[in-house]
Enquirer: 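Shown below is the structure under consideration.
All values derive from a computational prediction rather than experimental measurement. Chain naming here is simple, since letters A, B, ... match the order of the sequence lines and numbering starts at 1 in each.
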Amino acid sequence: MNKELLDSMNKQMSPSPEARAALTEKLTQPVKKRPVPWIKYGAIAACAALVIGVFPFYQAMKGLDNINGQEILWTHRAGMPLHSYVTVEGLTGYATEDAAVSDKGGGGRENYSTSVIDRDTYAGDILDRPQAPNTGGLPGGAYVGDVPVQEGAEDYQKLLDHFNGALPDWYGGAYLNDAGWLVVQLVESEDPGDKSLELQVLDWTDGGHVTFSSCKYSLAQLKELMDRLNALPDSDPVCRDVMAGWGVDEEANRIELTLTDVNDHILSVLAELDPDDDAIYVQVGQRAVADVGSREPAVIGEDPAVHHVMPGGVTVPEDGDLIAEEPVYDGAHYDLEDLPEKLPEEMRPAATVDSVSERDVSTSSYNPDAK
Amino acid sequence: MEALPLRAGGGMEEIIDRYQNTVYGLALARTGSRADADDVFQEVFLAYYQSGKSFRDEEHRKAWLLRTTINQARRVTSSSWRQRTVPLLEREDALVQFREPEENRVWEALQDLTEDYRLPIYLFYFQELSTQEIAKALAIRPGAVRMRLTRGREQLREKLKGAYFDE
């Protein structure tokens, strides 16, 4: 290219004197610090806050489970304690297994036979009285209609009459022991030496066959817990799908709950209901409905199925259909005098409706043309 | 050539005197506007003054100034404020005027080239940089520089009918 021409052009390509003067003036001024990019920092902080805020939600989303073909969003929050449970393998025996143990309570493997609250039975001079012989063959050691059972039941009825429908805070329930004596559960008090309650109960029952035992929870507390459990299936579909049966065991001073399956969600809900992990005894397993007569319990003295325990340990005579029914049962409301003569299945209304008789001409055989 | 301090901030007047045409010319070739080129010229030397950089040698300093000029020119021409307010062709100072008509013809032909060809041609013929230096300033490979020079030269020859080429 023509060099002279380009040199001439180059000489003309110089900044204007104004620009040069402005630059010189700017250079004489002190160097300004770069403005702090607050917008940039703000955006970074917002992103960080978003990530931190989203993380717990992501943790909760990880709890997605597939129940009955539908994905359910668990409300279980990471870090929440879980309720303990035992796994029941059918009716012929069960292995204790505590896969999920809450932070407090539970505490590792729990054996059904040892998990029952220490009864710490005391009755003062009453203990010295002769015990009635065990004449029964049913769980609880008594037949319905046995004399010892009847005596204890009468005492129980007297006791309830004095309560007049309002359960006192000190009353933890009652049951008949193997000897047919009424064992009244008293909530542990601060003063174990205070026997005024025992004397009061003995007075109410006319000094009948009554002994006493200490317990942790009052029956009113357990019934309140039962109400909350009863409401759970309606409010929580995840719990509803796995809750098979539950009821108060006054002898063990706890609620026994059977689950068909276990998940962290219901365990966290139960842990919230039962922070001490001892008011609700959770069993997980499918309820067996057949071949009841041939079963041989692997753990002697205990039945893996949920007991519908009545005062005195008297259960409704075993029946496969009854077990299959899984009634929501509150044992405290059973009354020996009101025992059903028929099993619940038999008392149910007929599931089918008789078809209309062929001779019934009121509707089906109506012919508009026939006049 | 007088040795200048290699640390930015010192001897600013001498450094501006030495490189102002280089910076301004490249800015003018890139922006096509004297006003924008004036802005770029100021911004480049202010950035140099405030950078506090230490350069290895004059080549290093020159390469840094060229690279910064291209970046500042791109920032000026692509700013949304500039695009929103005054279209380039409507500006009074849009046309760069030289003294001789031939010079204006060459400049117009140069401005007609796309940027990919215009800048290598300007740096090669006006600033007399080597292909290596151009490659470093434009952040492309030397082979690409040579290819663009060849194609840009062909386009210029076509536009100028070979009148000003004495290769």
Enquirer: Can you see whether B/Tyr117 engages B/Arg153 through a side-chain donor-acceptor pair at a distance of less than 3.5 angstrom?
Expert: no

Enquirer: Give a yes-or-no answer on whether the side chains of A/Ser8 and B/Glu100 include a donor-acceptor pair shorter than 3.5 Å.
Expert: no

Enquirer: Checking B/Tyr122 against chain A: side chain, backbone, both or neither under 4.5 Å from a heavy atom?
Expert: side chain

Enquirer: Check whether B/Glu13 gets within reach of chain A through its side chain, its backbone, both or neither, counting any heavy atom under 4.5 Å.
Expert: both

Enquirer: Can you measure from CG (B/Leu119) to CZ (B/Arg30) and round to the nearest 0.5 angstrom?
Expert: 6.5 Å

Enquirer: Given heavy-atom pairs under 4.5 angstrom as the criterion, report whether the side chain, backbone, both or neither of B/Leu28 touches chain A.
Expert: side chain

Enquirer: Kindly say whether A/Ser16 contributes a backbone atom to a donor-acceptor pair with the side chain of B/Asp38 at under 3.5 angstrom?
Expert: yes

